[in-house]
Amino acid sequence: MHTQDSTTASPVATSPTSGTPGIPPFRYTAELAGRIEQRWQDLWDERGTFHAPNPSGSLGDGAGERPAPDAPAYFLMDMFPYPSGAGLHVGHPLGYIATDVVGRHRRMCGDNVLHALGYDAFGLPAEQYAVQTGQHPRTTTEANIANMRRQLRRLGLAHDPRRTFATTDTDYVRWTQWIFLQVFDSWYDEAAPRADGGTGRARPVSELLAQYESGARPTPDGRPWSELDEVERRRVIDPQRLAYVSETPVNWCPGLGTVLANEEVTAEGRSERGNFPVFKRSLRQWNMRITAYADRLADDLDLIDWPEKVRAMQRNWIGRSEGAQVVFTVLGGGELEVFTTRPDTLFGATFMVVAPEHPLLDEVPAAWPDGTRDTWTGGHASPAAAVAAYRTEAAARTAVERQADTSKTGVFTGHLATNPVTGTAVPVFTADYVLMGYGTGAIMAVPGGDERDHAFARTFELPVVHTVLPAPDSEVPDGPYTGDGVVVASANDEVSLDGMDVATAKSTIISWLEGRGAGTGTVTYRLRDWLFSRQRYWGEPFPIVYDEHDLPIALPESMLPVDLPEVPDYSPRTFEPEDADSNPEPPLGRNEEWVHVTLDLGDGPRTYRRDTNTMPNWAGSCWYYLNYLDPSRRETVVEPSLEQYWMGPEHNATVGASGGVDLYVGGVEHAVLHLLYARFWHKVLHDLGHVTSVEPFHRLFNQGYVQAYAYADSRGQYVPADEVEEQTSEDGSVTYLWQGQEVRREYGKMGKSLKNVVTPDDMYEAYGADTFRVYEMSMGPLDLSRPWETRAVVGSQRFLQRLWRNVVDEDTGDLTVVDADPDAATLRLVHRTVDEVRTEMDAMRFNTAIAKLIVLNNHLTSLDRVPRAAAEVIVLLVAPFAPHLAEELWERLGNTESLVRAPYPVADPAYLVQETVTCVVQVQGKVRDRLEVPPDIGEDELRELALAAPGVLRSLADREIRTVVVRAPKLVNVVPV
RNA sequence: GCGCGAGUGGCGAAAUGGCAGACGCGCCAGGUUUAGGUCCUGGUGCCCUCGGGCGUGCGGGUUCGACUCCCGCCUCGCGCACCA
């Protein structure tokens with residue numbers, strides 16, 4: 001099928017390795033490995049070996065063929081890299097090698113494997129690196145990508161080279177902007193039925209317009225749609241879009257010069273990137289209505305095969321909690337709505353608390369009401385003064401201070417409200433332990449059932465009523481009781497909860513409240529809408545312009561992509577990190593000619609103002625998996641038949657009803673951010689009919705990190721780790737020396753600052769790529785973090801050297817295998833190894849798979865001559881790990897076709913049966929003897945043999961036997977009295 | 001505080017109810033070469049009176065038998081945290 005080329009005709013490795021005294025000319029050294037590896041990398045490229053065929057369209061396999069109809073489609077992905085200027089260290093390829101091993105293995109098992117790698121190239125580091133080097137971000141980004149491609153190509157990854165791209169490519173940006181427009185042009189219809197049986201999905205805005213036009217949906221002020229003018233109509237529609245502009249409190253980070261999403265702000269109120277302070281500012285920004293999908297994002301976690309840890313983190317972030325909204329009437333007019341997860345404790349609500357930002361505080365009673373205690377007023381003469389002072393005080397506290405200090409501060413507002421079940425008036429306080437951004441910004445406080453409310457009640461001398469006790473006759477505890485139990489003291493003339501458990505009491509009181517119009521059962525979420533605009537240069541521009549009404553207008557598809565303009569200075573305008581009053585200043589605004597543009601959007605040429613924000617870095621990674629399916633110029637975001645073939649529900653035997661990428665490998669650091677955003681976009685695309693899969697990533701695997709030792713001298717300065725020598729003294733203690741002085745060992749991330757970087761290039765140079773691959777895969781389980789130890793790499797090199805020597809003569813380069821049949825022991829070991837390695841490969845336990853290959857290889861080494869049949873099997877088994885060496889040996893063994901699609905060996909069960917089995921004979925659980933027995937030995941016979949074994953007799957002495965446990969043929973346990 | 005994960009030789013690790021430490025590094029001894037290194041072979045948990053004894057963070061339990069299952073605790077790592 002492939003034409004033989006000149007490179008194949010004279011294999012590089014038939015020429016001796018360059019003469020080093022004492023080293024046989026055909027030894028598998030780093031140098032020979034390097035020549036073999038580069039030869040095969042070139043051959044794979046020339047032949048299109050890893051071209052994954054699409055079932056239709058322009059992409060066939062290396063010979064232009066379509067996939068075999070019975071080949072399962074297997075879509076394999078890595079979290080794509082960010083091409084930083086620093087290049088790769090040996091930790092980065094860990095996941096790429098692992099997915100490559102999976103892909104090569106699946107390919108040998110007959111799957112049509114789609115595996116490619118793109119680059120996530122917009123974003124802050126590229127921009128900062130460009131500013132540092134004084135070059136355009138595109139220039140530095142492209143140089144970084146080129147360097148990373150070179151480093152990764154040398155690893156021999158079996159990627160389809162036709163499917164690579166960068167998120168910064170104009171063709172890609174076009175579709176990112178196109179998806180934004182889809183989101184902009186959609187609204188969420190809570191009532192629309194879905195194929196999966198649920199209700200609620202995104203629909204095109206045109207269908208919302210149709211509802212208004214027909215009168216099926218009333219306008220907000222009740223006027224007929226036809227009476228609204230164009231601007232009024234847009235003001236009705238625009239806020240309902242899934243992508244909308246709104247003036248809301250956002251996270252403003254002066255140190256970065258941009259606003260940030262909630263997900264990009266740490267619990268300490270600092271930016272995840274750069275660790276700068278973040279301030280709440282009310283600014284007009286783009287948001288995406290991810291909250292509309294909160295339920296589905298939480299529920300559909302059950303459909304996918306992800307680590308429980310990541311699913312828990314997403315559930316936690318979405319933060320769904322079920323409870324009730326309860327309305328309290330405020331004395332003197334108005335209502336105060338609270339959210340509670342414990343409506344069953346309503347009879348114990350003895351006061352209320354609202355957040356300092358709560359609108360109820362905009363008007364407060366003129367004087368303190370009767371019954372006001374001195375401790376409640378904060379020493380102020382009137383509620384207005386007290387509230388104003390507390391609001392100022394609270395606003396001055398940063399999130400960090402709020403968190404650090406859990407003591408309860410607050411002040412009485414002068415308002416009283418009526419508890420709807422008891423009819424009593426309770427005081428309304430304001431305190432900053434209640435957050436405006438959650439629920440309704442107001443709570444009913446139940447000091448008998450909540451730790452925080454109890455602490456507040458204690459500080460302000462408020463009454464405590466317990467309405468739940470562990471048991472009916474329990475003593476009333478000093479503190480709050482938050483557990484399940486029995487409800488007490490909770491009855492009025494119409495309803496009694498007394499004697500119920502918490503769950504029954506909840507549903508009972510919710511029905512009662514709903515009947516009276518005093519409350520409803522509701523669900524709230526911690527998840528907020530996704531703040532989607534950034535004030536940066538190096539990102540996707542919004543395909544949006546504004547007219548004279550300052551309302552957004554989507555550019556038509558024909559005007560995509562909107563390219564980044566040239567600007568005099570693309571560095572972000574940053575501020576003093578603590579300067580909360582500064583304002584964001586988008587770099588795109590520096591090009592006046594670009595910002596003010598004359599366009600014909602259907603009603604003749606008019607002047608518009610462009611949106612000068614850019615999209616967050618996450619935009620590009622929200623849909624890149626779809627681009628792998630067909631990265632060429634195309635008419636749709638993804639060809640439906642390709643999406644169904646590679647990602648659709650049930651596209652193979654394992655993907656299940658969710659569909660999605662079959663295996664997605666990456667670090668756990670994206671557990672919430674990237675993975676939540678991508679799921680959201682995917683569901684929007686699903687609702688709009690662009691994809692059939694419900695989830696983008698069916699199986700997620702988090703690989704561990706490669707970390708490294710670092711060494712510091714007595715002054716705390718780091719010294720180059722590769723120059724440190726280890727010294728073991730006679731008492732066994734270990735010291736580390738650098739240039740004769742003792743240094744202290746630490747453990748941490750690999751990086752320039754710790755002077756402990758080891759690069760893949762170092763490894764190619766010293767050992768070759770195959771050895772590096774085998775070492776990384778044999779270090780331990782893939783999901784565990786592990787320390788890098790360069791000196792241990794030699795073990796993997798010895799393994800491959802022995803394998804080479806088992807097939808090729810080191811002195812002559814001749815083939816050494818013999819055509820004789822393997823002996824019985826070899827045959828059994830070969831088949832057992834095949835069987836065990838298959839199991840390990842399927843479970844992604846590559847470290848133990850390699851261990852078993854080493855055992856087989858060591859056995860072959862012990863033979864005088866290696867039988868060809870055994871050599872062929874081990875070469876095929878080792879191929880996913882050391883593909884270049886395997887191809888070379890495979891070819892030397894006389895095969896003319898690459899082994900990339902050779903069938904993965906299958907064990908013959910006939911050879912898995914042992915001739916004899918070692919039976920362990922225990923006395924009271926301790927091993928006292930061993931017997932060699934036939935595998936089909938009977939229980940009675942084995943018992944007799946065991947009881948006569950010398951070790952058993954010695955150990956038993958004269959003790960009587962109570963019982964004998966026989967598990968033929970492997971174990972007998974004799975239990976004495 | 002809540003949730004999740006981990007704890008086994010000098011080191012990375014293996015064994016998921018049945019021989020604890022596969023495989024690799026390091027270390028020790030020997031061989032080839034000989035200047036060293038590479039490479040090859042063997043050994044290597046601790047103690048020992050060579051019978052055996054002890055040993056998987058600590059304490060208890062279940063079992064004929066526990067690294068493995070159950071209960072309690074300790075240490076480390078990760079996530080969340082005034083979310084009503």
Side-chain angles (χ1 to χ4, degrees), chain A residues 20-24 27 29 267 307-313 315-317 319-321 323 338-342 345 353 402-403 405-408 431-435 437-446 449-453 455-456 524-527 668-669 671-672 726 728 732-734 774-775 778-781 783-799 801-802 805 810 845 847-855 857-858 861-862 918-930 951 954-955 962-967 970-976:
Chain A
T20 307
I23 296 183
R27 170 158 294 169
T29 58
E308 191 46 48
K309 177 193 170 92
V310 177
R311 294 198 292 183
M313 283 168 73
R315 280 199 196 94
N316 205 327
W317 186 260
R320 173 163 62 191
S321 58
V338 302
F339 174 74
T340 176
T341 55
R342 293 293 304 274
T345 61
V353 186
R402 258 192 179 192
Q403 307 245 334
D405 176 17
T406 53
S407 70
K408 295 291 175 285
D432 67 359
Y433 84 94
V434 172
L435 311 173
Y438 187 77
T440 61
I443 61 160
M444 60 177 217
V446 184
D450 184 278
E451 300 275 0
R452 300 150 300 180
D453 296 347
F456 192 87
T524 60
Y525 304 89
R526 200 179 83 110
L527 183 69
V668 74
E669 70 271 18
V672 173
E726 184 180 310
T728 310
S733 64
V734 177
V774 169
Y775 176 64
S778 63
M779 290 166 84
D783 53 354
L784 236 62
S785 291
R786 70 285 306 272
W788 179 261
E789 198 183 1
T790 297
R791 69 177 178 181
V793 179
V794 71
S796 300
Q797 188 185 34
R798 287 178 192 150
F799 164 49
Q801 263 174 357
R802 275 196 281 262
R805 203 157 39 227
E810 279 191 335
R845 288 190 294 259
N847 53 328
T848 48
I850 290 170
K852 289 168 197 308
L853 290 173
I854 292 173
V855 171
N857 194 48
N858 287 349
T861 304
S862 72
T918 304
C919 177
V920 176
V921 188
Q922 301 175 332
V923 176
Q924 217 164 9
K926 298 215 179 289
V927 181
R928 296 299 177 192
D929 215 329
R930 290 181 176 83
R954 188 168 55 226
S955 173
R962 184 159 60 132
T963 178
V964 181
V965 179
V966 183
R967 295 279 180 276
K970 294 186 78 170
L971 179 125
V972 178
N973 190 8
V974 181
V975 186

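Treat the numbers as computed from the prediction; the structure is a model and nothing was measured. Heavy atoms only: backbone and side chains are in, while hydrogens, waters and symmetry mates are out. Chain letters run A, B, ... following the sequence lines, proteins first and then strands; every chain starts at 1.
- Put simply, the side chain of A:Arg786 gets close to the backbone of A:Leu784: a donor and an acceptor are under 3.5 Å apart.
- Under the rule for a ring-ring contact (aromatic ring centres under 6.0 Å, His included), A:Tyr438 has no partner lying at least two apart in sequence or in another chain.
- One P atom belongs to B:A29, the other to B:G79, and the distance between them is 47 Å to the nearest Å.
- Nucleic acid contact class of A:Thr524 (heavy atoms, under 4.0 Å, all strands): none.
- Interatomic distance, A:Thr848 OG1 to A:Leu853 CG, rounded to the nearest 0.5 Å: 10.0 Å.
- B:A84 atom P lies 13 Å from atom OH of A:Tyr433, rounded to whole Å.
- Heavy atoms of A:Ala792 sit under 4.0 angstrom from primed sugar atoms or phosphate atoms, though from no base atom.
- Counting non-hydrogen atoms under 4.0 angstrom, A:Val927 reaches the backbone sugars and phosphates but no base.
- Rounded to a whole angstrom, the distance from the P atom of B:G18 to that of B:G65 is 15 Å.
- For A:Lys852 against B:C23, no side-chain N or O and base N or O form a donor-acceptor pair under 3.5 Å.
- Rounded to whole Å, atom C1' of B:C25 lies 11 Å from atom CD1 of A:Ile854.
- With sequence neighbours left out, the salt bridge (Lys or Arg N to Asp or Glu O under 4.0 Å) criterion links A:Lys408 to no other residue.
- To the nearest angstrom, C1' of B:G3 lies 15 Å from CZ of A:Arg311.
- By the rule that a glycosidic angle within 90° of 0 means syn, B:G51 counts as syn.
- Across all strands, A:Gln801 comes closer than 4.0 Å only to sugar-phosphate atoms, never to a base (heavy-atom distances).
- The side chain of A:Arg526 contributes an N or O atom lying less than 4.0 Å from OP1 or OP2 of B:A81.
- Scanning both residues, A:Ala671 and A:Met313, for their nearest heavy atoms gives CB-CE, 3.6 Å.
- One atom, CZ of A:Arg845, and another, C1' of B:A15, lie 11 Å apart when rounded to the nearest Å.
- Between the OG1 atom in A:Thr918 and the CG atom in A:Leu971 there is a gap of 12.0 Å [rounded to 0.5 Å].
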Which atom pairs link the protein and nucleotides 48-53 of chain B when you take only N or O atoms and keep those under 3.5 Å?
from  : atom 1 : to       : atom 2 : distance (Å)
B:G52 : OP1    : A:Arg954 : NH2    : 2.9
B:G53 : OP1    : A:Arg928 : NH2    : 3.2
B:G53 : OP2    : A:Arg928 : NH1    : 3.1

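- Look at the C1' atom in both B:A22 and B:C74: the space between them is 31 Å, to the nearest Å.
- Contact check for A:Asp453 versus A:Tyr433: side-chain heavy atoms found under the 4.5 Å cut-off.
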### Query
Yes or no on side-chain contact (heavy atoms from CB on, under 4.5 Å) for A:Lys309 and A:Val668, after CA distance, side-chain angles and deciding distance?
CA-CA 9 Å; A:Lys309 177 193 170 92; A:Val668 74; 3.8 Å; yes
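- Using a 4.0 Å heavy-atom criterion, one finds that A:Arg805 contacts the sugar-phosphate atoms exclusively.
- Base orientation for B:G9: syn, the chi torsion being within 90° of 0.
- When side chains are defined from C-beta on, A:Thr790 does not count as touching A:Tyr775, because their heavy atoms never get closer than 4.5 Å.
- Considering only residues two or more places apart in sequence or on other chains, A:Arg315 meets the salt bridge (Lys or Arg N to Asp or Glu O under 4.0 Å) condition with A:Asp302, A:Glu308.
- If you measure from atom NZ of A:Lys309 to atom P of B:C2, you get 18 Å, rounded to the nearest angstrom.
- Side-chain atoms of A:Phe339 lie closest to B:A84 of the nucleotides B:C25, B:A84, B:A22.
- The separation between A:Trp788 atom CH2 and B:G24 atom P is 18 Å, rounded to whole Å.
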All N/O contacts under 3.5 Å from nucleotides 64-67 of chain B to the protein, with atom names and distances to one decimal?
from  : atom 1 : to       : atom 2 : distance (Å)
B:C64 : O2'    : A:Asn973 : ND2    : 3.3
B:C64 : O2     : A:Asn973 : ND2    : 2.4

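- Of the C1' atoms belonging to B:C78 and B:G60, the separation is 29 Å, rounded to the nearest Å.
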### Summary
With B for base contact, S for sugar-phosphate-only contact and - for none (protein heavy atoms under 4.0 Å), nucleotides 8-14 of chain B reads ----SSS
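- For A:Arg320, the salt bridge (Lys or Arg N to Asp or Glu O under 4.0 Å) partners are A:Asp295, A:Asp299, not counting sequence neighbours.
- To the nearest 0.5 Å, the span separating CZ on A:Arg845 from CG on A:Asn847 amounts to 9.0 Å.
- If you take CD of A:Glu451 and C1' of B:A84, they are 13 Å apart, rounded to a whole angstrom.
- Contacts of A:Arg930 with the nucleic acid, taken as non-hydrogen atoms under 4.0 Å apart, include base atoms.
- Between the CE atom of A:Met444 and the CG atom of A:Asp450 there is a distance of 9.5 Å, given to the nearest 0.5 Å.
- B:C4 sits 12 Å from B:C71 when the P atoms are compared, rounded to a whole Å.
- Across all their heavy atoms, A:Asn857 and A:Phe799 have their closest contact at ND2-O, 3.3 Å.
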Please tabulate, for side-chain N and O atoms in residues 919-929 of chain A, each donor-acceptor pair with protein atoms closer than 3.5 Å (sequence neighbours left out).
from     : atom 1 : to       : atom 2 : distance (Å)
A:Arg928 : NE     : A:Ser955 : OG     : 3.4
A:Asp929 : OD2    : A:Gly951 : N      : 2.8

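- Note on A:Val434: a base of the nucleic acid sits closer than 4.0 angstrom, heavy atoms only.
- When the C1' atom is used for both B:G21 and B:C70, the distance is 26 Å, rounded to whole Å.
- Taking the C1' atom of each, B:C64 and B:C58 are spaced 26 Å apart, rounded to whole Å.
- Contact between A:Val338 and A:Ile443 at its shortest, heavy atoms only, is CG1-C, 3.6 Å.
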N/O to N/O distances under 3.5 Å, protein versus nucleotides 41-43 of chain B:
none

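- Rounded to whole Å, the P atom of B:U8 lies 6 Å from the corresponding atom of B:G57.
- Residues passing the side chain to side chain donor-acceptor pair (under 3.5 Å) test with A:Thr341, sequence neighbours excluded: none.
- One atom, OH of A:Tyr525, and another, P of B:A84, lie 13 Å apart when rounded to the nearest Å.
- Checked against ring-ring contact (aromatic ring centres under 6.0 Å, His included), A:Phe339 has no partners two or more places apart in sequence or in another chain.
- With pairs defined as Watson-Crick or G-U wobble and both atom distances under 3.5 Å, the stems of at least three pairs that touch RNA chain B come out as B:1-7 with B:74-80, B:10-12 with B:23-25, B:26-31 with B:39-44, B:45-47 with B:52-54, B:57-61 with B:69-73.
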